[in-house]
Amino acid sequence: MPVKDERPDSSHREPHRQDSGARLNWLRAAVLGANDGIVSTAGLVIGVAGATSSTRALLTAGLAGLLAGSLSMAAGEYVSVSTQRDAEKATLDVERAELADDPDAELAELAGLYQAKGLSAALAHRVAEELTAHDALGAHAETELGLDPEQLTNPWHAAGASAVSFAVGALLPLLAIVLPPASVRLFITVGAVLLALAACGWTSARFGRAPVRPAVLRNVLGGALAMAVTYGAGALLGHSGT
Ligand SMILES: [Zn+2]
């Protein structure tokens, strides 16, 4: 099967696909966030279920885990996107200053880059001239730096999206453990979590154009292992206490 070159990172830019590429990135991030919410909250509530059958304790633990996880995801995402954005802005500032200081050298540099891409010297020079007249910073940002000055990621949006997707994922094990009767809650939670993890693995493999089966297996086995470990820890603690 031919593999299309559509990497989710922004190392390559194709104007017509930029929009759908960005949307794909958001979808993948949302699926990853939900996956995180499912695994960590499932581990938490199943660990608590190993120690106690109190629905109230399960609800409290699950809600606390949902909130703590969402906030921590949001904070982490905010910091990492802000840092990246600052670095990109600083790079663009340097470029802007160079363009103001020495436009001739910058024009020659741009022409050189187009020539390196395969254009003849004369055509590369003309392209560089016309793009410089149109939007010098945009042309340098795209060709030289691989950046789009109009499309820097907003850290607040990224933080909000991670928090929401984590919370949506976390709701699944939380509801699955508190809603059913105590006798079946573990089976229902484990089953629902494994199904949801299979769906997440399938979706992110499809978005990333990776082979589906290993992605699904990895995701399901990872979640199963997490639940087994926390259940064991909870059961040990539950039996050693009163
Ligand atoms: Zn430049």
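Keep in mind that this is a model prediction, so the values were computed, not measured. Every number for a ligand or one of its atoms is a count from 1 in the order of the listing.
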| said: Before you tell me yes or no, could you show the steps for N219 and C200 under side chain to side chain contact (heavy atoms under 4.5 Å, CB included), namely the whole-Å CA-CA distance, both residues' side-chain angles and the distance that decides it to 0.1 Å? | reply: CA-CA 8 Å; N219 213 28; C200 286; 3.8 Å; yes
| Any residue meeting side-chain hydrogen bond (donor to acceptor under 3.5 Å, both in side chains) with E95, in chain and number order, not counting sequence neighbours | H140
| said: Test of understanding: with side-chain hydrogen bond (donor to acceptor under 3.5 Å, both in side chains), list the residues that count as partners of E98, not counting sequence neighbours. | reply: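 E98 satisfies side-chain hydrogen bond (donor to acceptor under 3.5 Å, both in side chains) with no other residue.
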Can you give each donor-acceptor pair under 3.5 Å made by side-chain atoms of residues 171-199, sequence neighbours left out, with the distance rounded to 0.1 Å?
unit_1: R185; atom_1: NE; unit_2: I177; atom_2: O; d: 3.0
unit_1: R185; atom_1: NH1; unit_2: S53; atom_2: O; d: 3.0
unit_1: R185; atom_1: NH2; unit_2: T55; atom_2: OG1; d: 2.8
unit_1: T189; atom_1: OG1; unit_2: A176; atom_2: O; d: 3.2
unit_1: T189; atom_1: OG1; unit_2: I177; atom_2: N; d: 3.4
unit_1: T189; atom_1: OG1; unit_2: R185; atom_2: O; d: 2.7

| Check ion pair D93-R96 (N to O, under 4.0 angstrom) |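 Looking at R96 together with D93, the answer is yes, because their closest N to O distance falls below 4.0 Å.
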| remark: Distance filter < 2.8 Å from the Zn ion (ligand 1), protein N/O/S hits 5
| For F166 and S72, what are the C-alpha separation, side-chain angles and deciding distance, and is it a side chain to side chain contact (heavy atoms under 4.5 Å, CB included)? | CA-CA 10 Å; F166 183 97; S72 136; over 6 Å; no
